[in-house]
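Here is how names work: the chains are called A, B, and so on, in the same order as the sequence lines, proteins then strands, and each is numbered from 1. Below, all heavy atoms of this structure are taken into account, side chains as well, without hydrogens, waters or symmetry copies.
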Number of protein chains: 2
Amino acid sequence: MPIKDKGTEQLIKDTAKKIFFADGKLHATTQDIADAAGVNRTLVHYYFRSRKLLFEQVTEEAMNELRQMMSDAFTGKQPFKEKLKKLINVFMDQTIAYPYRELFLITETNRYNQEHADQVHDTHTKPFLAEIKEEMDKGNIQVMDPRHYMMNLFALMAYPLLSANLSKSFMKISDHEYHKLMKQRKQLIFDMIYPAK
Amino acid sequence: MPIKDKGTEQLIKDTAKKIFFADGKLHATTQDIADAAGVNRTLVHYYFRSRKLLFEQVTEEAMNELRQMMSDAFTGKQPFKEKLKKLINVFMDQTIAYPYRELFLITETNRYNQEHADQVHDTHTKPFLAEIKEEMDKGNIQVMDPRHYMMNLFALMAYPLLSANLSKSFMKISDHEYHKLMKQRKQLIFDMIYPAK
DNA sequence: TTAATGTTTGACAACTTTGTTAAACAAAGA
DNA sequence: TCTTTGTTTAACAAAGTTGTCAAACATTAA
(Lines give C-alpha, C1' and ligand atoms only; values in the text may rest on other atoms or scores of the structure.)
Protein backbone atom coordinates (compact mmCIF):
# COMPACT_ATOMS: atom_id res chain seq x y z
CA MET A 1 0.00 0.00 0.00
CA PRO A 2 1.54 3.30 -1.06
CA ILE A 3 2.08 5.92 1.58
CA LYS A 4 -0.33 8.79 1.23
CA ASP A 5 1.93 11.45 -0.21
CA LYS A 6 1.88 14.66 1.82
CA GLY A 7 4.41 16.25 -0.51
CA THR A 8 2.20 17.53 -3.29
CA GLU A 9 -0.62 18.61 -1.00
CA GLN A 10 1.79 20.62 1.11
CA LEU A 11 3.46 22.07 -1.98
CA ILE A 12 0.14 23.34 -3.30
CA LYS A 13 -0.79 24.87 0.03
CA ASP A 14 2.62 26.50 0.48
CA THR A 15 2.49 27.89 -3.04
CA ALA A 16 -0.97 29.30 -2.45
CA LYS A 17 0.28 30.98 0.72
CA LYS A 18 3.27 32.41 -1.12
CA ILE A 19 1.06 33.88 -3.84
CA PHE A 20 -1.54 35.29 -1.45
CA PHE A 21 0.55 36.29 1.57
CA ALA A 22 3.92 37.18 0.05
CA ASP A 23 3.01 38.41 -3.44
CA GLY A 24 -0.36 39.87 -2.48
CA LYS A 25 -2.02 38.48 -5.58
CA LEU A 26 -5.45 38.10 -4.07
CA HIS A 27 -7.09 37.45 -7.43
CA ALA A 28 -5.01 34.36 -8.22
CA THR A 29 -6.90 31.48 -9.85
CA THR A 30 -6.42 27.77 -9.20
CA GLN A 31 -4.55 27.69 -12.51
CA ASP A 32 -2.17 30.40 -11.28
CA ILE A 33 -1.52 28.41 -8.12
CA ALA A 34 -1.03 25.14 -9.99
CA ASP A 35 1.35 26.78 -12.47
CA ALA A 36 3.38 28.37 -9.69
CA ALA A 37 3.60 25.02 -7.93
CA GLY A 38 4.48 23.26 -11.18
CA VAL A 39 1.64 20.74 -10.94
CA ASN A 40 -1.47 19.90 -12.92
CA ARG A 41 -4.48 21.94 -11.88
CA THR A 42 -6.55 18.80 -11.35
CA LEU A 43 -4.39 18.03 -8.33
CA VAL A 44 -5.74 21.11 -6.59
CA HIS A 45 -9.16 19.51 -6.79
CA TYR A 46 -7.85 16.08 -5.95
CA TYR A 47 -6.36 17.29 -2.68
CA PHE A 48 -8.68 20.12 -1.72
CA ARG A 49 -11.92 19.22 -3.53
CA SER A 50 -12.68 22.85 -4.48
CA ARG A 51 -11.12 26.25 -4.67
CA LYS A 52 -13.23 27.38 -1.76
CA LEU A 53 -12.00 24.58 0.50
CA LEU A 54 -8.36 25.37 -0.32
CA PHE A 55 -9.04 28.98 0.57
CA GLU A 56 -10.75 28.01 3.81
CA GLN A 57 -7.86 25.78 4.81
CA VAL A 58 -5.30 28.49 4.04
CA THR A 59 -7.42 31.01 5.95
CA GLU A 60 -7.81 28.70 8.92
CA GLU A 61 -4.09 28.03 9.14
CA ALA A 62 -3.23 31.71 8.90
CA MET A 63 -5.63 32.45 11.74
CA ASN A 64 -4.03 29.70 13.79
CA GLU A 65 -0.58 31.16 13.19
CA LEU A 66 -1.82 34.51 14.48
CA ARG A 67 -3.30 32.91 17.59
CA GLN A 68 -0.19 30.82 18.13
CA MET A 69 2.00 33.90 17.98
CA MET A 70 -0.12 35.67 20.58
CA SER A 71 -0.06 32.60 22.75
CA ASP A 72 3.70 32.07 22.47
CA ALA A 73 4.50 35.67 23.22
CA PHE A 74 2.10 36.07 26.11
CA THR A 75 2.36 32.96 28.18
CA GLY A 76 5.09 32.54 30.71
CA LYS A 77 6.29 34.65 33.58
CA GLN A 78 8.69 37.07 31.94
CA PRO A 79 8.08 40.76 32.54
CA PHE A 80 5.76 42.59 30.14
CA LYS A 81 8.68 44.40 28.58
CA GLU A 82 10.28 41.13 27.51
CA LYS A 83 7.02 39.73 26.20
CA LEU A 84 6.51 42.85 24.16
CA LYS A 85 9.99 42.56 22.66
CA LYS A 86 9.30 38.95 21.77
CA LEU A 87 5.96 39.77 20.19
CA ILE A 88 7.44 42.54 18.08
CA ASN A 89 10.30 40.31 17.03
CA VAL A 90 8.13 37.37 15.99
CA PHE A 91 5.31 39.34 14.41
CA MET A 92 7.67 41.57 12.44
CA ASP A 93 9.51 38.53 11.10
CA GLN A 94 6.24 36.95 10.06
CA THR A 95 5.05 40.18 8.47
CA ILE A 96 8.29 40.65 6.55
CA ALA A 97 7.87 37.14 5.15
CA TYR A 98 4.10 37.43 4.62
CA PRO A 99 3.18 41.13 4.41
CA TYR A 100 -0.23 40.48 2.89
CA ARG A 101 -1.43 37.72 5.23
CA GLU A 102 -3.85 39.90 7.17
CA LEU A 103 -4.95 41.55 3.97
CA PHE A 104 -5.95 38.14 2.63
CA LEU A 105 -7.93 37.36 5.76
CA ILE A 106 -9.68 40.71 5.63
CA THR A 107 -10.71 40.46 1.99
CA GLU A 108 -11.82 36.86 2.31
CA THR A 109 -14.12 37.71 5.21
CA ASN A 110 -15.41 40.76 3.33
CA ARG A 111 -16.10 38.59 0.32
CA TYR A 112 -18.92 36.51 1.72
CA ASN A 113 -20.98 38.93 3.81
CA GLN A 114 -18.95 38.13 6.96
CA GLU A 115 -21.17 35.28 8.16
CA HIS A 116 -18.61 33.28 10.07
CA ALA A 117 -16.19 36.15 10.62
CA ASP A 118 -17.06 36.42 14.29
CA GLN A 119 -16.03 33.03 15.61
CA VAL A 120 -12.36 33.65 16.20
CA HIS A 121 -12.10 31.92 19.57
CA ASP A 122 -8.94 33.52 20.74
CA THR A 123 -8.14 33.10 24.41
CA HIS A 124 -4.93 35.08 24.59
CA THR A 125 -6.07 38.56 23.67
CA LYS A 126 -7.89 39.20 26.92
CA PRO A 127 -4.92 38.39 29.16
CA PHE A 128 -2.78 40.50 26.84
CA LEU A 129 -5.08 43.47 27.29
CA ALA A 130 -5.07 42.91 31.04
CA GLU A 131 -1.28 42.96 31.16
CA ILE A 132 -1.23 46.18 29.17
CA LYS A 133 -3.63 47.70 31.69
CA GLU A 134 -1.38 46.63 34.59
CA GLU A 135 1.62 48.17 32.90
CA MET A 136 -0.24 51.45 32.56
CA ASP A 137 -1.15 51.36 36.23
CA LYS A 138 2.53 50.86 37.05
CA GLY A 139 3.33 53.97 35.02
CA ASN A 140 5.55 52.16 32.54
CA ILE A 141 3.60 53.03 29.43
CA GLN A 142 1.31 55.83 28.36
CA VAL A 143 -2.21 55.59 29.74
CA MET A 144 -4.97 54.94 27.20
CA ASP A 145 -7.60 52.36 26.43
CA PRO A 146 -5.55 49.12 26.20
CA ARG A 147 -7.37 48.33 22.98
CA HIS A 148 -5.95 51.48 21.42
CA TYR A 149 -2.53 50.44 22.64
CA MET A 150 -2.91 47.07 20.95
CA MET A 151 -4.22 48.62 17.74
CA ASN A 152 -1.32 51.07 17.68
CA LEU A 153 1.17 48.28 18.13
CA PHE A 154 -0.16 46.16 15.28
CA ALA A 155 -0.70 49.18 13.04
CA LEU A 156 2.92 50.23 13.42
CA MET A 157 4.13 46.71 12.70
CA ALA A 158 1.86 45.69 9.84
CA TYR A 159 0.97 48.78 7.81
CA PRO A 160 4.36 49.87 6.48
CA LEU A 161 4.93 46.40 5.05
CA LEU A 162 1.40 46.13 3.74
CA SER A 163 1.62 49.45 1.95
CA ALA A 164 5.26 49.10 0.89
CA ASN A 165 4.67 49.68 -2.81
CA LEU A 166 2.47 52.71 -2.16
CA SER A 167 4.94 54.17 0.33
CA LYS A 168 7.90 53.53 -1.93
CA SER A 169 6.13 55.39 -4.74
CA PHE A 170 5.08 58.36 -2.66
CA MET A 171 8.35 58.78 -0.83
CA LYS A 172 10.51 57.69 -3.78
CA ILE A 173 12.34 55.03 -1.81
CA SER A 174 14.24 52.20 -3.53
CA ASP A 175 13.69 48.56 -2.64
CA HIS A 176 17.06 48.41 -0.98
CA GLU A 177 16.45 51.50 1.12
CA TYR A 178 13.00 50.33 2.08
CA HIS A 179 14.37 47.05 3.30
CA LYS A 180 16.86 48.92 5.46
CA LEU A 181 14.10 51.05 6.95
CA MET A 182 12.04 47.96 7.75
CA LYS A 183 14.93 46.37 9.59
CA GLN A 184 15.11 49.44 11.85
CA ARG A 185 11.47 49.25 12.77
CA LYS A 186 11.58 46.55 15.47
CA GLN A 187 13.63 48.81 17.70
CA LEU A 188 11.82 51.97 16.65
CA ILE A 189 8.39 50.53 17.42
CA PHE A 190 9.51 49.25 20.77
CA ASP A 191 10.86 52.68 21.68
CA MET A 192 7.63 54.37 20.65
CA ILE A 193 5.36 51.98 22.47
CA TYR A 194 7.51 51.41 25.54
CA PRO A 195 9.45 54.63 26.03
CA ALA A 196 12.43 54.78 28.35
CA LYS A 197 11.65 56.90 31.39
CA MET B 1 -29.29 67.32 -29.36
CA PRO B 2 -29.65 65.58 -26.02
CA ILE B 3 -27.31 66.60 -23.24
CA LYS B 4 -24.70 63.97 -22.55
CA ASP B 5 -25.96 62.50 -19.28
CA LYS B 6 -23.27 62.50 -16.59
CA GLY B 7 -25.70 60.98 -14.08
CA THR B 8 -25.41 57.31 -14.91
CA GLU B 9 -21.70 57.40 -15.54
CA GLN B 10 -21.13 59.05 -12.16
CA LEU B 11 -23.53 56.64 -10.47
CA ILE B 12 -21.61 53.64 -11.77
CA LYS B 13 -18.29 55.09 -10.70
CA ASP B 14 -19.56 56.04 -7.26
CA THR B 15 -21.08 52.61 -6.79
CA ALA B 16 -17.84 50.95 -7.80
CA LYS B 17 -15.99 53.09 -5.27
CA LYS B 18 -18.50 52.21 -2.58
CA ILE B 19 -18.11 48.48 -3.23
CA PHE B 20 -14.31 48.56 -3.43
CA PHE B 21 -13.41 51.27 -0.91
CA ALA B 22 -16.21 51.07 1.65
CA ASP B 23 -17.25 47.41 1.53
CA GLY B 24 -13.82 46.05 0.69
CA LYS B 25 -15.22 43.65 -1.88
CA LEU B 26 -12.15 43.56 -4.10
CA HIS B 27 -13.44 40.62 -6.10
CA ALA B 28 -16.60 42.37 -7.30
CA THR B 29 -17.56 41.72 -10.92
CA THR B 30 -19.04 44.22 -13.37
CA GLN B 31 -22.37 42.49 -12.73
CA ASP B 32 -22.02 43.10 -8.98
CA ILE B 33 -21.36 46.77 -9.64
CA ALA B 34 -24.23 47.11 -12.10
CA ASP B 35 -26.62 45.38 -9.70
CA ALA B 36 -25.58 47.59 -6.80
CA ALA B 37 -26.06 50.67 -8.98
CA GLY B 38 -29.40 49.37 -10.24
CA VAL B 39 -28.44 49.60 -13.90
CA ASN B 40 -27.96 47.21 -16.79
CA ARG B 41 -24.48 45.79 -16.97
CA THR B 42 -24.12 46.86 -20.60
CA LEU B 43 -24.01 50.45 -19.39
CA VAL B 44 -20.73 49.75 -17.65
CA HIS B 45 -19.28 48.96 -21.06
CA TYR B 46 -21.11 51.82 -22.74
CA TYR B 47 -19.55 54.38 -20.40
CA PHE B 48 -16.22 52.78 -19.55
CA ARG B 49 -15.58 50.49 -22.54
CA SER B 50 -14.11 47.70 -20.40
CA ARG B 51 -13.81 46.53 -16.85
CA LYS B 52 -10.13 47.35 -16.88
CA LEU B 53 -10.73 50.96 -17.92
CA LEU B 54 -13.30 51.44 -15.15
CA PHE B 55 -10.77 50.09 -12.68
CA GLU B 56 -8.06 52.35 -14.01
CA GLN B 57 -10.28 55.40 -13.76
CA VAL B 58 -11.29 54.55 -10.19
CA THR B 59 -7.65 53.92 -9.30
CA GLU B 60 -6.53 57.16 -10.89
CA GLU B 61 -9.14 59.21 -9.02
CA ALA B 62 -8.29 57.57 -5.72
CA MET B 63 -4.64 58.42 -6.23
CA ASN B 64 -5.59 61.99 -7.03
CA GLU B 65 -7.64 62.24 -3.85
CA LEU B 66 -4.61 61.12 -1.87
CA ARG B 67 -2.37 63.66 -3.56
CA GLN B 68 -4.99 66.37 -3.14
CA MET B 69 -5.23 65.68 0.56
CA MET B 70 -1.48 65.95 0.99
CA SER B 71 -1.46 69.14 -1.02
CA ASP B 72 -4.36 70.73 0.87
CA ALA B 73 -2.92 69.92 4.24
CA PHE B 74 0.64 70.95 3.47
CA THR B 75 0.46 74.14 1.56
CA GLY B 76 0.05 77.43 3.32
CA LYS B 77 1.93 79.12 6.10
CA GLN B 78 0.31 77.69 9.21
CA PRO B 79 2.65 76.10 11.75
CA PHE B 80 3.45 72.42 11.37
CA LYS B 81 1.30 71.54 14.35
CA GLU B 82 -1.80 72.97 12.67
CA LYS B 83 -1.04 71.29 9.37
CA LEU B 84 -0.66 67.99 11.14
CA LYS B 85 -4.02 68.42 12.86
CA LYS B 86 -5.62 69.20 9.54
CA LEU B 87 -4.04 66.21 7.85
CA ILE B 88 -5.18 63.85 10.59
CA ASN B 89 -8.66 65.30 10.51
CA VAL B 90 -9.09 65.02 6.74
CA PHE B 91 -7.37 61.68 6.28
CA MET B 92 -9.23 60.06 9.17
CA ASP B 93 -12.55 61.27 7.78
CA GLN B 94 -11.67 59.86 4.37
CA THR B 95 -10.52 56.60 5.88
CA ILE B 96 -13.66 56.22 7.98
CA ALA B 97 -15.72 56.67 4.80
CA TYR B 98 -13.41 54.55 2.62
CA PRO B 99 -11.39 52.23 4.87
CA TYR B 100 -10.32 49.96 2.00
CA ARG B 101 -9.25 52.59 -0.51
CA GLU B 102 -5.52 52.03 -0.07
CA LEU B 103 -6.07 48.30 0.05
CA PHE B 104 -7.67 48.49 -3.38
CA LEU B 105 -4.75 50.46 -4.76
CA ILE B 106 -2.28 48.01 -3.29
CA THR B 107 -3.96 44.89 -4.65
CA GLU B 108 -4.52 46.41 -8.08
CA THR B 109 -0.86 47.27 -8.42
CA ASN B 110 0.12 43.81 -7.15
CA ARG B 111 -2.22 42.26 -9.70
CA TYR B 112 -0.36 43.18 -12.87
CA ASN B 113 3.32 42.76 -11.94
CA GLN B 114 3.61 46.43 -10.83
CA GLU B 115 4.65 47.77 -14.23
CA HIS B 116 3.30 51.29 -13.93
CA ALA B 117 3.25 51.36 -10.15
CA ASP B 118 6.20 53.69 -9.92
CA GLN B 119 4.91 56.76 -11.70
CA VAL B 120 3.12 58.44 -8.85
CA HIS B 121 4.32 61.98 -9.51
CA ASP B 122 3.59 63.43 -6.14
CA THR B 123 5.16 66.79 -5.43
CA HIS B 124 3.95 67.29 -1.88
CA THR B 125 5.60 64.43 -0.04
CA LYS B 126 9.11 65.86 -0.21
CA PRO B 127 8.18 69.24 1.34
CA PHE B 128 6.19 67.33 3.94
CA LEU B 129 9.24 65.27 4.89
CA ALA B 130 11.33 68.44 5.01
CA GLU B 131 8.89 70.09 7.40
CA ILE B 132 8.99 67.02 9.63
CA LYS B 133 12.76 67.23 9.69
CA GLU B 134 12.63 70.91 10.66
CA GLU B 135 10.23 70.12 13.48
CA MET B 136 12.63 67.50 14.81
CA ASP B 137 15.49 70.00 14.71
CA LYS B 138 13.32 72.40 16.71
CA GLY B 139 12.85 69.67 19.30
CA ASN B 140 9.08 69.56 18.94
CA ILE B 141 8.81 65.92 17.95
CA GLN B 142 10.82 62.80 18.52
CA VAL B 143 13.91 62.51 16.35
CA MET B 144 13.91 59.71 13.78
CA ASP B 145 14.09 59.28 10.03
CA PRO B 146 11.24 61.51 8.77
CA ARG B 147 10.11 58.65 6.58
CA HIS B 148 9.54 56.52 9.66
CA TYR B 149 7.56 59.39 11.14
CA MET B 150 5.38 59.55 8.08
CA MET B 151 4.89 55.78 7.98
CA ASN B 152 3.96 55.77 11.66
CA LEU B 153 1.41 58.49 11.13
CA PHE B 154 -0.34 56.77 8.25
CA ALA B 155 -0.13 53.38 9.91
CA LEU B 156 -1.86 54.66 13.03
CA MET B 157 -4.57 56.30 10.96
CA ALA B 158 -5.26 53.63 8.37
CA TYR B 159 -4.64 50.23 9.87
CA PRO B 160 -7.26 50.09 12.63
CA LEU B 161 -9.98 50.89 10.10
CA LEU B 162 -8.55 48.56 7.51
CA SER B 163 -8.43 45.66 9.94
CA ALA B 164 -11.65 46.53 11.77
CA ASN B 165 -13.29 43.14 11.31
CA LEU B 166 -10.18 41.28 12.38
CA SER B 167 -9.67 43.52 15.40
CA LYS B 168 -13.32 43.32 16.43
CA SER B 169 -13.12 39.54 16.34
CA PHE B 170 -9.87 39.25 18.27
CA MET B 171 -10.76 41.82 20.91
CA LYS B 172 -14.47 40.98 20.98
CA ILE B 173 -15.57 44.53 20.34
CA SER B 174 -19.07 45.37 19.08
CA ASP B 175 -19.66 47.58 16.04
CA HIS B 176 -20.95 50.34 18.27
CA GLU B 177 -17.95 50.22 20.59
CA TYR B 178 -15.55 50.08 17.68
CA HIS B 179 -17.07 53.18 16.18
CA LYS B 180 -16.61 54.97 19.49
CA LEU B 181 -12.96 53.94 19.63
CA MET B 182 -12.37 55.19 16.10
CA LYS B 183 -13.80 58.59 16.94
CA GLN B 184 -11.26 58.92 19.74
CA ARG B 185 -8.34 58.21 17.48
CA LYS B 186 -7.87 61.63 15.86
CA GLN B 187 -6.91 63.10 19.21
CA LEU B 188 -5.03 60.02 20.37
CA ILE B 189 -2.87 59.88 17.24
CA PHE B 190 -2.08 63.55 17.43
CA ASP B 191 -0.98 63.16 21.06
CA MET B 192 1.24 60.20 20.21
CA ILE B 193 2.87 61.81 17.23
CA TYR B 194 3.12 65.35 18.57
CA PRO B 195 3.46 64.98 22.33
CA ALA B 196 2.99 67.96 24.65
CA LYS B 197 6.29 68.97 26.21
C1' DT C 1 -43.43 66.20 -36.81
C1' DT C 2 -39.14 64.50 -38.09
C1' DA C 3 -34.28 63.77 -37.88
C1' DA C 4 -30.39 63.35 -35.17
C1' DT C 5 -28.04 62.03 -31.24
C1' DG C 6 -27.37 59.96 -27.01
C1' DT C 7 -29.16 56.24 -23.69
C1' DT C 8 -30.83 51.78 -22.26
C1' DT C 9 -31.97 47.00 -22.90
C1' DG C 10 -31.88 41.95 -24.04
C1' DA C 11 -29.74 38.46 -26.68
C1' DC C 12 -25.73 36.45 -27.89
C1' DA C 13 -20.74 35.30 -28.57
C1' DA C 14 -16.17 34.69 -26.71
C1' DC C 15 -13.43 33.72 -23.16
C1' DT C 16 -12.05 32.33 -18.48
C1' DT C 17 -12.41 29.63 -14.54
C1' DT C 18 -14.01 25.81 -11.98
C1' DG C 19 -15.24 21.17 -11.39
C1' DT C 20 -15.71 16.07 -13.08
C1' DT C 21 -14.41 11.81 -15.18
C1' DA C 22 -11.99 8.04 -17.03
C1' DA C 23 -7.78 6.31 -18.00
C1' DA C 24 -2.75 5.97 -17.35
C1' DC C 25 0.78 5.48 -14.08
C1' DA C 26 3.41 4.24 -9.72
C1' DA C 27 4.33 1.79 -5.55
C1' DA C 28 3.87 -1.83 -2.36
C1' DG C 29 1.69 -6.02 -0.27
C1' DA C 30 -0.25 -10.62 -1.16
C1' DT D 1 3.17 -11.69 -10.73
C1' DC D 2 -1.13 -9.70 -9.78
C1' DT D 3 -4.00 -6.88 -7.10
C1' DT D 4 -4.90 -3.00 -4.52
C1' DT D 5 -4.48 1.67 -3.45
C1' DG D 6 -3.06 6.12 -4.21
C1' DT D 7 -1.34 9.69 -7.68
C1' DT D 8 -1.24 12.19 -11.96
C1' DT D 9 -2.88 13.49 -16.46
C1' DA D 10 -5.79 14.97 -20.45
C1' DA D 11 -10.27 15.68 -22.07
C1' DC D 12 -14.53 17.27 -21.23
C1' DA D 13 -18.59 19.63 -19.00
C1' DA D 14 -20.58 23.37 -16.47
C1' DA D 15 -20.66 27.74 -14.77
C1' DG D 16 -19.32 32.41 -14.59
C1' DT D 17 -17.62 36.69 -16.57
C1' DT D 18 -16.66 39.92 -20.07
C1' DG D 19 -17.56 42.11 -24.27
C1' DT D 20 -20.50 43.10 -28.62
C1' DC D 21 -24.51 44.19 -31.24
C1' DA D 22 -28.84 45.55 -32.97
C1' DA D 23 -33.02 47.28 -31.69
C1' DA D 24 -35.92 50.05 -28.65
C1' DC D 25 -36.34 54.25 -26.23
C1' DA D 26 -35.79 59.27 -24.92
C1' DT D 27 -34.70 63.92 -25.74
C1' DT D 28 -33.97 67.94 -28.25
C1' DA D 29 -33.10 70.79 -32.47
C1' DA D 30 -34.72 71.83 -36.89
Rounded to whole angstrom units, what separation is found between the [atom1] atom of [X] and the [atom2] atom of [N]?
X	N	atom1	atom2	answer
B:I33	D:dT18	CD1	C1'	12 Å
B:N40	D:dA24	CG	P	16 Å
A:D35	C:dT16	CG	P	14 Å
B:L43	C:dT8	CG	P	5 Å
B:Y46	D:dT18	OH	P	21 Å
A:E9	D:dT8	CD	P	11 Å

Verify the neighbour count for atom NZ of B:K186: are there more than 12 heavy atoms of other residues, nucleotides or ligands below 6.0 Å?
-> yes
Tell me, for nucleotides 17-24 of chain C in 5' to 3' order, what letter each nucleotide earns: B for a base near a protein heavy atom under 4.0 Å, S for only sugar-phosphate near one, - for neither?
-> SBBBB---
Are side-chain heavy atoms of B:L156 and A:N152 found at a separation under 4.5 Å?
->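 Yes; the side chains approach each other to less than 4.5 Å.
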Geometric cation-pi criterion B:K85 and B:F190, 6.0 Å radius, 45° cone |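 Pair B:K85/B:F190 counts as cation-pi.
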B:F104 and B:Y100 aromatic centres sub-6.0 Å = no
Close aromatic pair by centroid cut-off 6.0 Å: A:Y98 and A:F20 | no
Any B:Y47 side-chain nitrogen or oxygen under 4.0 Å from OP1 or OP2 of C:dT8 | yes
Could you tell me whether B:E65 and B:R101 make a salt bridge, using a distance below 4.0 angstrom between a side-chain N and a carboxylate O?
->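 Looking at B:E65 and B:R101, the cut-off is met.
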